[in-house]
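I have placed the structure first, in the form of structure tokens, so that the comments after it can refer back to it.
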Amino acid sequence: MQNFISLAQIDEVTNLIQKQISIQPTVGLILGSGLNGLADSIQNPTLIPYSDLPNFPISTVHGHTGQFVIGELEGTPVIVMQGRIHYYEGYTMGQVTLPVRVMHRLGVHSLFVTNAAGGVNENFIPGDVMLITDQLNLMGMSGLNPLMGPNLDEIGPRFPDMSQPYDREYCETARAIAKQNNMTLREGIYAGLSGPSFESPADLRFLRLAGADAVGMSTVPEVIVARHGGMRVLGLSGISNKANLDGSTVTTHEEVIEAGRVITPKIETLVRGMLRSI
Ligand code: HPA
């Protein structure tokens, strides 16, 4: 039985955070596997561990710290999820997306989502960064949409539009920032699976046929919830490994974390540039 999150539960967390901070964050940032380093650049940070918050899931994955960092980056008040929650950890979709609901209630109007992903597009190599231009909601297609259950009418409509999950203007800005910094920025469609097992060669051939360029175990539910509340979204995938369509190599969590070291500075450049531009 799904355990749906109510507005009262969201606001209980929101109020607790509100009491501990003196700035009003306007941009939310979710850091993916191996990409936590960016949170260390936040100025005047207030750290709030997820374990201090009621109704809140705790990130159990190695490489994910599990706290909010609220402070300033490029002069913009931001709230950063240092460590995200994944569906495969055993939480409900409501719990997985609770942090985004809370960000929205705190006044966040834009969400920058990052993740580690496998490269399905054959031109991608580990260390690449991909601008997410659209997403394949494979979890939702199998009945795991985070908006299932009573609709939170105060936040958004029952049947929200999803024609532009990733903000086109933000995509344009990200392309320009990459160009200014002589950085190769890949683009494409992110397919969200539940994990935690990596894909089989047949899964990957299916994903390629379906038009996916990258595959991962997060992001899609958070973006749906963000769009439900009218937030503008930018998505960046760090390509940590190549999809193995013939089964000749093995994908490991260690290589995902390792690739994060190459990817983090690129994502930092893009995020800083975005913050300066909005
Ligand atoms: N598949 C799914 N999720 C991932 C991968 C992958 O190959 N790499 C990093 N996250």
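- Rounded to the nearest 0.5 Å, atoms CG (L131) and CG (L270) are 8.5 Å apart.
- Linking Ile, Leu, Val, Met, Phe, Trp and Tyr residues whenever their side-chain heavy atoms come within less than 4.5 Å leaves V225 and F159 in two separate clusters.
- Under the rule for a salt bridge (Lys or Arg N to Asp or Glu O under 4.0 Å), the partners of D167 that lie at least two apart in sequence or sit in another chain are R232.
- Residue N115 holds its CG atom at 8.5 Å from CG of L236, rounded to the nearest 0.5 Å.
- Between E187 and M130, the shortest heavy-atom contact is C-CG, 3.6 Å.
- Between L147 and P160, some side-chain heavy-atom pair lies under the 4.5 Å cut-off.
- What you find for I239 and A259 is that their closest heavy atoms are O-CB, 4.5 Å.
- Taking 4.5 Å as the limit, some side-chain heavy atom of I17 sits within range of a side-chain heavy atom of L53.
- In the model, R158 has no side-chain atom that pairs as donor or acceptor with a side-chain atom of H228 under 3.5 Å.
- No side-chain heavy atom of P25 sits less than 4.5 Å from a side-chain heavy atom of M103.
- P45 has its side chain out of reach of I70: every pair of non-hydrogen atoms, C-beta onward, lies at least 4.5 Å apart.
- At least one donor-acceptor pair under 3.5 Å links the side chain of R227 to the backbone N or O of M231.
- Contact detail for R168 and S163: the closest heavy-atom pair is NH2-O, 3.8 Å.
- The hydrophobic cluster containing L185 does not contain V262, counting ILVMFWY residues as joined when their side-chain heavy atoms lie under 4.5 angstrom apart, directly or transitively.
- The shortest distance between side-chain heavy atoms of F56 and L98 falls below 4.5 Å.
- Contact check for F198 versus M217: side-chain heavy atoms found under the 4.5 Å cut-off.
- Taking every heavy atom of both residues into account, M139 and S218 meet most closely at CE-O, 4.0 Å.
- P57 and Y50 make their closest contact through O-CB, 3.6 Å (heavy atoms, listed as atom of the first residue, atom of the second, distance).
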